[in-house]
Amino acid sequence: MSSLIDLYSDTCTRPCPGMRKAMASAEVGDEQKREDPTTNLLQERVAELLGKEQALFLPSGTMCNQIALKVHCRPGEEVIAHESSHIINYETGGPAANAGVMVRPVRGEKGFFSVETLERAISPIDNHLALSRMLSIENTTNRPGGYVWNLGLIEQLCTLAKEKGLFTHMDGARLLNASASSGISAADYAQYFDSVWIDFSKGLGAPVGAVIAGSSDFIEQAWRYKHQLGGALRQSGIIASAALYALDNNSERLVEDHQHALVLANALKENEKLMVNEVQTNIVIVDCSETKQTASHWRDQLYSQGVEVSVMDDYCFRLVTHLDVNEEQIGKACDIIKKTFGS
Ligand SMILES: *Cc1c(COP(=O)(O)O)cnc(C)c1O
């Protein structure tokens with residue numbers, strides 16, 4: 001299986017020897033006593049990267065989203081997010097189960113939405129209505145295809161949200177991909193948000209972990225919910241060291257993943273029946289309905305030749321580039337794609 005070119009997701013990376021070495025030699029202590037030096041260092045580094053007072057290491061991005069909901073919202077209140085967003089679709093009903101929060105999904109191209117759309121979604125103050133309490137923005141937008149938000153639009157949306165008394169939250173699972181693509185720093189994106197997090201187990205290539213940042217007050221409250229949800233750890237430096245290694249070694253190289261995604265998209269486009277999304281980061285989405293074959297069919301065809309892609313729905317599949325697929329493998333994948341689809 002080692003020859004498999006795995007484009008299923010950027011979550012499938014394995015720690016490289018350098019990362020494993022960093023993990024093996026990490027200095028550790030009791031995280032719950034806030035005495036794990038490596039975890040503390042990681043938290044300081046991410047707080048600085050995102051321009052926030054403090055940050056907190058968590059086992060997953062999902063827990064970052066769930067804790068943000070719990071800190072910002074009371075049961076019965078509402079979170080506004082795009083209908084495609086992870087926080088609504090892929091967290092097993094977490095907003096309802098963990099925070100007692102209602103979701104108000106909004107629509108828009110590529111996972112974005114306009115100021116007018118947000119304006120319409122925010123409930124007026126009325127005893128019949130749920131209070132709109134949190135705006136969540138995903139950057140990059142995952143399911144729609146890895147799109148990067150316009151900074152000016154973010155500013156407008158967050159300004160409106162603040163005026164109406166909403167907290168603002170950014171799901172930055174792939175925020176560093178957004179920065180690598182746009183050249184806008186993570187802190188510049190983060191400045192409009194009360195809470196923001198980055199994932200280490202996606203394109204950054206660590207095996208586990210995410211870090212959420214915000215004001216000291218937000219982070220103090222987040223600590224409580226981290227314990228409540230069972231996410232408080234002990235010698236977490238062993239895994240925090242992998243995240244530190246990823247920050248130092250794997251964030252600059254995200255641009256390579258974006259170039260690779262473009263190369264794959266161009267190979268796919270040689271078949272005019274395939275509709276390939278505009279590539280901005282490391283995600284390529286392909287609509288194969290015109291081929292009259294299902295996405296599962298094409299997935300199996302590619303898999304039997306050593307390329308794994310993921311099926312999104314009946315006629316849509318996805319390829320995601322990451323640090324465990326190098327230039328040579330991308331070239332090989334393109335050959336297999338051209339052979340499979342012809343033109
Ligand atoms: C992966 C992902 C998450 C969840 O992160 P985990 O670390 O897998 O829990 C949340 N939001 C987005 C946009 C993601 O891509």
Side-chain angles (χ1 to χ4, degrees), residues 7-15 42 46 50 55-70 79 81-95 97-99 103 105-106 108 110-113 134-149 154 168-181 186 189-190 193 195-213 222 225-226 229-231 233 236 239-240 242-243 246-247 250 254 257 261 280-285 310 312 318-322:
L7 301 168
Y8 182 86
S9 171
D10 50 9
T11 55
C12 58
T13 57
R14 292 184 171 81
L42 174 66
V46 175
L50 299 177
L56 179 62
F57 183 55
L58 292 169
S60 70
T62 300
M63 198 182 282
C64 293
N65 278 339
Q66 293 303 313
I67 286 180
L69 286 166
K70 286 178 77 74
V79 54
H82 193 270
E83 62 177 357
S84 68
S85 63
H86 198 283
I87 202 169
I88 292 182
N89 293 287
Y90 303 115
E91 301 187 6
T92 64
N98 293 317
V103 294
V106 293
K110 297 181 173 176
F112 307 140
F113 46 91
M134 182 174 125
L135 167 67
S136 180
I137 284 179
E138 199 173 284
N139 195 19
T140 66
T141 63
N142 173 1
R143 198 182 154 97
Y147 294 109
V148 181
W149 277 82
I154 286 182
T168 53
H169 171 73
M170 181 155 62
D171 174 338
R174 294 185 182 80
L175 180 59
L176 299 192
N177 290 89
S179 288
S181 172
Y189 284 115
F193 295 90
S195 48
V196 47
W197 61 272
I198 56 173
D199 213 331
F200 285 94
S201 66
K202 301 278 167 77
L204 290 175
V208 61
V211 176
I212 191 164
Y225 292 123
K226 171 173 161 132
L229 294 172
L233 306 171
S236 55
I239 47 178
L247 271 186
N250 297 345
L254 289 170
D257 296 344
Q280 289 186 357
T281 55
N282 66 329
I283 300 176
V284 185
I285 306 236
S310 72
M312 303 282 283
R318 185 179 90 159
L319 301 79
V320 185
T321 56
H322 53 78

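Numbering of ligands and ligand atoms starts at 1, following listing order. Heavy atoms only: backbone and side chains are in, while hydrogens, waters and symmetry mates are out. Just so you know, residue 1 is the first one in the sequence shown, and it goes up from there.
Considering only heavy atoms from C-beta on, N250 stays 4.5 Å or farther from H322 through its side chain. Residues D10 and D257 are not in side-chain contact: their nearest non-hydrogen atoms beyond the backbone lie 4.5 Å or more apart. Put simply, the side chain of K226 reaches to within 4.5 Å of the side chain of L58, judged on heavy atoms.
Atom 1 (C) of ligand 1 has K202 NZ, 1.3 Å as its closest protein atom, hydrogens excluded (heavy atom only).
Across all non-hydrogen atoms, the minimal contact from S195 to H169 is OG-ND1, 2.9 Å. Nearest approach of T13 to G205, heavy atoms of both residues: OG1-CA, 3.3 Å.
Below 4.0 Å from some heavy atom of T62 lie the following atoms of ligand 1, by number and element: 4 (C), 5 (O), 6 (P), 9 (O). Near E138, the atoms of ligand 1 lying under 4.0 angstrom from a non-hydrogen atom of the residue are 13 (C). Near D199, meaning under 4.0 Å from any of its heavy atoms, are these atoms of ligand 1: 5 (O), 6 (P), 7 (O).
Of the possible donor and acceptor atoms, none in the side chain of S9 sits under 3.5 Å from a partner among the backbone N and O of C12.
Looking at N142 next to ligand 1, an N or O pair under 3.5 Å apart turns up. At under 3.5 Å, a nitrogen or oxygen of R174, whether backbone or side chain, sits near a nitrogen or oxygen of ligand 1. Ligand 1 has no N or O atom lying under 3.5 Å from any N or O atom of N65, backbone or side chain.
Within 6.0 Å of the OH atom in Y8, the count of heavy atoms belonging to other residues, nucleotides or ligands does not exceed 12.
The side chain of A173, and not its backbone, has at least one atom closer than 4.0 Å to an atom of ligand 1 (non-hydrogen atoms only; side chain from C-beta on). Heavy atoms of F200 found under 4.0 angstrom from ligand 1: none, in either backbone or side chain.
For atom 11 (N) of ligand 1, the candidate residues are L175, D171, V208; the nearest heavy-atom contact is made by D171.
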